[in-house]
Trainee: 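Got a structure here, written out as structure tokens. Questions coming.
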Amino acid sequence: MHRLHRDPVPPTGLSQYHHGRDPWSNTSPDERAAIWEKLNAMQGNRCAYCEGPISEDNRHIEHFRQRGRYPQGTFEWHNLFGSCNRLGTCGNHKDKCGTYPHQNLIKPDEEDPEEFLFFTPDGTIHPRANLQPNEQHRAKETIRILALDGALNQIRRSEVAGYIQTAETFAEMAETFSEDEWLPLLQEEIDQTAHLPFATAIRHVLTRQS
């Protein structure tokens, strides 16, 4: 997960629907395409939760607060994300993991998940150290509710493997050269990977976060 920046202007046609009167299934293909256009602009064709790649055949429009528990959010633009369809993770897992206070889940368009979570070179995800107790609980609950630590670990491990040696090279440069010499090169590497799936995990490996 990483910080997302949402266009405050809702997609075309969404405002004409109202919960209690219209079911979600009433939205037309063109209206859903307009929603996806906005979601892809915000997420970069990646899952809002795991950052894995999504395409038309492996994605769904995700209600952050589920329709069954928060029907008034069915057509709220700020309640919609794009999720992958990977079984047992992300939106699919969230909707099947039981009830929980919605405030426990980190909302990536309102908060920076990287203040709560970090990724390791072995593909795992952990709460950051020195969080306040409530923040620690929310970090753990976000990992649990979205099943971010489990089947995704092997996928992330494969994605970041090629950057471990690069990180070690930059660490050696930091011991030998001034920051002005190596830091721009590291930032260039980060910028070049920012659009990739699992970019946050890659960046955390490159910057050796913990």
Trainee: Decide yes or no for Phe64 and Tyr70: does some side-chain heavy atom of the first lie under 4.5 Å from some side-chain heavy atom of the second?
Mentor: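 Phe64 does not reach Tyr70 side chain to side chain.
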Trainee: Find the distance between CE (Met1) and SG (Cys47) and round it off to the nearest 0.5 Å.
Mentor: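 Reported value, rounded in 0.5 Å steps: 9.0 Å.
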Trainee: Cluster question for you: counting only ILVMFWY and a side-chain heavy-atom cut-off of under 4.5 Å, with indirect links fine, are Ile155 and Ile164 together?
Mentor: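 No, Ile155 does not connect to Ile164 through the hydrophobic network.
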Trainee: Please check: side-chain N/O of His19 versus main-chain N/O of Thr74, any donor-acceptor pairing under 3.5 Å?
Mentor: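 A pair under 3.5 Å: no.
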Trainee: Checking Lys94 side chain against His63 main chain: does a donor-acceptor pair fall under 3.5 Å?
Mentor: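 Yes; judged by distance alone, with no hydrogens or angles, the pair exists.
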Trainee: Output, in order, the C-alpha distance, side-chain angles, deciding distance and verdict of side chain to side chain contact (heavy atoms under 4.5 Å, CB included) for Glu114 and Arg203.
Mentor: CA-CA 11 Å; Glu114 292 188 68; Arg203 184 170 68 256; 2.2 Å; yes
Trainee: Between Glu76 and Arg65, does any side-chain N to carboxylate O distance fall below 4.0 Å?
Mentor: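 Result for this pair is no, no salt bridge flagged.
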Trainee: Is it the case that atom CD in Glu37 sees more than 12 heavy atoms from other parts of the structure closer than 6.0 Å?
Mentor: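 It does not: Glu37 CD has 12 such atoms or fewer within range.
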Trainee: In the single-linkage hydrophobic clustering (I, L, V, M, F, W, Y; side-chain heavy atoms under 4.5 Å), do Leu4 and Leu148 co-cluster?
Mentor: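 Yes, Leu4 connects to Leu148 through the hydrophobic network.
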Trainee: Check the hydrophobic clustering (I, L, V, M, F, W, Y; side-chain heavy atoms under 4.5 Å; chains of links allowed) and say if Ile125 and Leu206 are grouped together.
Mentor: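 No, separate clusters.
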Trainee: From Asp30 CG over to Thr12 OG1, what is the distance, rounded to the nearest 0.5 angstrom?
Mentor: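 Rounded to the nearest 0.5 Å, the CG-OG1 separation comes to 10.0 Å.
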Trainee: Are the side chain of Ser28 and the backbone N or O of Glu31 linked by a donor-acceptor pair below 3.5 Å?
Mentor: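 At least one qualifying donor-acceptor pair exists.
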Trainee: Is any side-chain heavy atom of Asp109 less than 4.5 Å from a side-chain heavy atom of Phe81?
Mentor: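 Answer yes - side chains close enough.
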Trainee: Answer yes or no: are there more than 12 heavy-atom neighbours, outside Asn130 itself, under 6.0 Å from its atom CG?
Mentor: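 Not buried by this count: 12 neighbours or fewer within 6.0 Å.
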Trainee: Does a side-chain N-to-carboxylate-O contact under 4.0 Å join Glu141 and Arg144?
Mentor: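 So Glu141 pairs with Arg144 through a salt bridge.
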Trainee: Heavy-atom distance under 4.5 Å between the side chains of Arg138 and Ile106, does that happen here?
Mentor: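 Yes; the side chains approach each other to less than 4.5 Å.
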Trainee: Say whether Leu152 and Leu196 are linked into one hydrophobic cluster, either directly or through other cluster members, by side-chain heavy-atom distances under 4.5 angstrom.
Mentor: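 Per the 4.5 Å side-chain linkage, Leu152 and Leu196 are not co-clustered.
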Trainee: Examine distances only and state if a side-chain atom of Arg156 and a backbone atom of Gly123 form a donor-acceptor pair shorter than 3.5 Å.
Mentor: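 Yes: the side chain of Arg156 pairs with the backbone of Gly123.
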Trainee: Is Ile61 close to Trp36 at the side-chain level, that is, under 4.5 Å between some pair of heavy atoms?
Mentor: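 Yes - at least one pair of side-chain heavy atoms lies under 4.5 Å apart.
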Trainee: With heavy-atom distances below 4.5 Å as the criterion, would you say the side chains of His204 and Val160 are in contact?
Mentor: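 His204 does not reach Val160 side chain to side chain.
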Trainee: Scan side-chain atoms only and decide if Asp180 and Ser178 contain a donor-acceptor pair under the 3.5 Å cut-off.
Mentor: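 The answer is no; no qualifying pair exists.
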Trainee: Looking at Ala139 and Leu131, what are the two nearest heavy atoms and their distance?
Mentor: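 Here Ala139 and Leu131 meet closest at CB-CD1, 4.1 Å.
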Trainee: In Å and rounded to the nearest 0.5 Å, what is the CZ to CD1 distance from Phe119 to Ile202?
Mentor: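 Interatomic distance, Phe119 CZ to Ile202 CD1, rounded to 0.5 Å: 10.5 Å.
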Trainee: Considering all heavy atoms of both residues, which atom of Ala48 and which atom of Pro108 are nearest to each other, and what is their separation?
Mentor: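 Where Ala48 meets Pro108 most closely, the heavy atoms are O-CG, 4.2 Å.
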Trainee: Kindly give the heavy-atom pair with the smallest separation between Cys90 and Cys84, and that separation in Å.
Mentor: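 That would be SG-SG, 3.7 Å.
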Trainee: Verify, without hydrogens or angle tests, whether Asn153 (side chain) and Gly150 (backbone) share a donor-acceptor contact under 3.5 angstrom.
Mentor: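 Looks like yes, one N/O pair under 3.5 Å.
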Trainee: Please evaluate residues Trp182 and Glu175 with respect to the criterion side chain to side chain contact (heavy atoms under 4.5 Å, CB included), reporting the C-alpha separation (whole Å), side-chain torsions for both, the decisive distance (0.1 Å), and the verdict.
Mentor: CA-CA 10 Å; Trp182 64 266; Glu175 295 177 355; over 6 Å; no
Trainee: Mark yes or no for whether Trp77, through its side chain, and Arg6, through its backbone, hold a donor-acceptor pair below 3.5 Å.
Mentor: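 Flag not set: sc Trp77 to bb Arg6 has no pair under 3.5 Å.
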Trainee: Is it possible for you to say whether Tyr17 and Leu39 belong to one hydrophobic cluster, with membership spreading through side-chain heavy-atom contacts below 4.5 Å?
Mentor: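 Yes; Leu39 is reachable from Tyr17 via cluster members.
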Trainee: Using every non-hydrogen atom in the two residues, find where Pro197 and Arg46 come nearest and quote the distance to one decimal.
Mentor: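 Nearest pair, atom of Pro197 first, then Arg46: CA-CD, 3.8 Å.
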Trainee: Is the Phe75 to His18 ring centre distance short of 6.0 Å?
Mentor: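 No, they do not, as the ring centres are separated by 6.0 Å or more.
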Trainee: What's the spacing between Thr142 OG1 and Asn104 CG if we round to 0.5 Å?
Mentor: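 Between Thr142 OG1 and Asn104 CG, I get 7.5 Å after rounding to 0.5 Å.
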Trainee: Check whether any side-chain heavy atom of Glu51 lies under 4.5 Å from a side-chain heavy atom of His2, and answer yes or no.
Mentor: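 Contact flag for Glu51/His2 side chains = yes.
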Trainee: I want to check a possible cation-pi pair here: Arg157 against Phe198, using under 6.0 Å from ring centre and within 45° of the ring axis as the test.
Mentor: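 No, a cation-pi geometry is absent between Arg157 and Phe198.
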Trainee: Short question: side chain of Asn45, backbone of Ile54 - any donor-acceptor pair under 3.5 Å?
Mentor: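 Not at all, since once roles are kept as given, no pair shorter than 3.5 Å links the two residues.
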Trainee: Which heavy atom in His93 sits nearest to a heavy atom in Ile145, and how many Å separate them?
Mentor: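 Reported closest heavy-atom pair: ND1-O, 2.8 Å.
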Trainee: Is it the case that the side chain of Lys107 and the backbone of His78 share a donor-acceptor pair, with hydrogens and angles ignored and the cut-off at 3.5 Å?
Mentor: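 It does hold such a pair.
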Trainee: Is any side-chain heavy atom of Leu185 less than 4.5 Å from a side-chain heavy atom of Glu189?
Mentor: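 No. Closest side-chain heavy atoms not under 4.5 Å.
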Trainee: If every non-hydrogen atom of Lys38 is compared with every non-hydrogen atom of Pro11, which pair is closest and at what distance?
Mentor: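 Result for this residue pair: CG-CG, 3.9 Å.
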Trainee: Measure the shortest side-chain to side-chain distance between Tyr49 and Gln43 over non-hydrogen atoms and say whether it is less than 4.5 angstrom.
Mentor: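 Contact flag for Tyr49/Gln43 side chains = no.
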Trainee: Looking at Asn85, is its backbone amide N or carbonyl O close enough to the side chain of Asn92 to form a donor-acceptor pair, meaning the two atoms are under 3.5 Å apart?
Mentor: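 Yes: the side chain of Asn92 pairs with the backbone of Asn85.
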Trainee: Roughly how far, to the nearest 0.5 Å, is CG of Leu186 from CD of Glu181?
Mentor: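 The CD atom of Glu181 sits 14.0 Å away from the CG atom of Leu186.
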Trainee: Counting only heavy atoms not in Glu56, do more than 12 sit closer than 6.0 Å to its CD atom?
Mentor: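 Open.
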Trainee: Between Arg128 (side chain) and Phe118 (backbone), is there a donor-acceptor pair under 3.5 Å?
Mentor: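 It does not hold such a pair.
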Trainee: Hey, what do you get for CD (Glu135) to NZ (Lys140), rounding to the nearest 0.5 Å?
Mentor: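 Here the rounded value is 13.0 Å.
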